[in-house]
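Input: a single structure, listed below in structure tokens.
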Amino acid sequence: MTDTYMQDQAAALAQHLRLTDGKTGHVEATADGFIVYLRRKWPGKQLASWDGMPIEWHENVGTNKAANR
């Protein structure tokens, strides 16, 4: 289980990536870093880390996974 700080950082990362509508994707906090699930390819340069923790990217996931259902 991740702590509140990591949850807050995941929320901040989602905000930074503008994943606020819950349909295009979401960020999951883990003990080892963050996992970003996106419905389509992400344009531009991808971040490799956030707050010093690595980011794992999963693009082109299904809508249910992107919406975290």
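Just so it is clear, the model here is predicted, and its values are computed rather than measured. Only heavy atoms go into these numbers, but all of them, side chains included; no hydrogens, no water, no symmetry mates.
- Listed by chain and number, the residues in a side chain to side chain contact (heavy atoms under 4.5 Å, CB included) with Asp8 are Thr4 (sequence neighbours excluded).
- Glu59 places a side-chain N or O within donor-acceptor distance of the main-chain N or O of Trp42, the cut-off being under 3.5 Å.
- For Glu56, there are no salt bridge (charged side-chain N to carboxylate O under 4.0 Å, His left out) partners at least two apart in sequence or on another chain.
- Inter-residue side-chain proximity for Val36 and His58 is flagged as unmet; no heavy-atom pair is nearer than 4.5 Å.
- In this structure a side-chain-to-backbone donor-acceptor pair under 3.5 Å is missing from Trp50 to Ala10.
- Both Leu38 and Met53 are part of a single hydrophobic cluster, where members link through side-chain heavy atoms under 4.5 Å apart.
- Connection of Met6 to Tyr37 is not established within any shared hydrophobic cluster, with ILVMFWY side chains joined at heavy-atom distances below 4.5 Å, either directly or through further cluster members.
- A distance of 6.0 Å separates CZ of Phe34 from CG of Asp51, quoted to the nearest 0.5 Å.
- Of the candidates Ile55, Leu13, Ile35, Val27 forms a side-chain contact (heavy atoms from CB on, under 4.5 Å) with just one, namely Leu13.
- Here the CD atom belonging to Gln15 is positioned 12.5 Å from the CD atom belonging to Gln9, to the nearest 0.5 angstrom.
- Between Asn60 and Lys41, the closest heavy-atom pair is OD1-N, 3.4 Å.
- With a 4.5 Å cut-off on side-chain heavy atoms, Leu17 and Thr24 do not count as touching.
- To the nearest 0.5 angstrom, Arg39 atom CZ is 14.0 Å from His26 atom NE2.
- Under the side-chain hydrogen bond (donor to acceptor under 3.5 Å, both in side chains) criterion, Asp32 pairs with no residue at all, not counting sequence neighbours.
- At least one donor-acceptor pair under 3.5 Å links the side chain of Trp57 to the backbone N or O of Leu47.
- For Thr30 (side chain) and Gly33 (main-chain N/O), a donor-acceptor pair under 3.5 Å exists by modelled atom type.
- In this view, Arg69 and Thr63, Asn64, Ala67 satisfy the side chain to side chain contact (heavy atoms under 4.5 Å, CB included) rule, not counting sequence neighbours.
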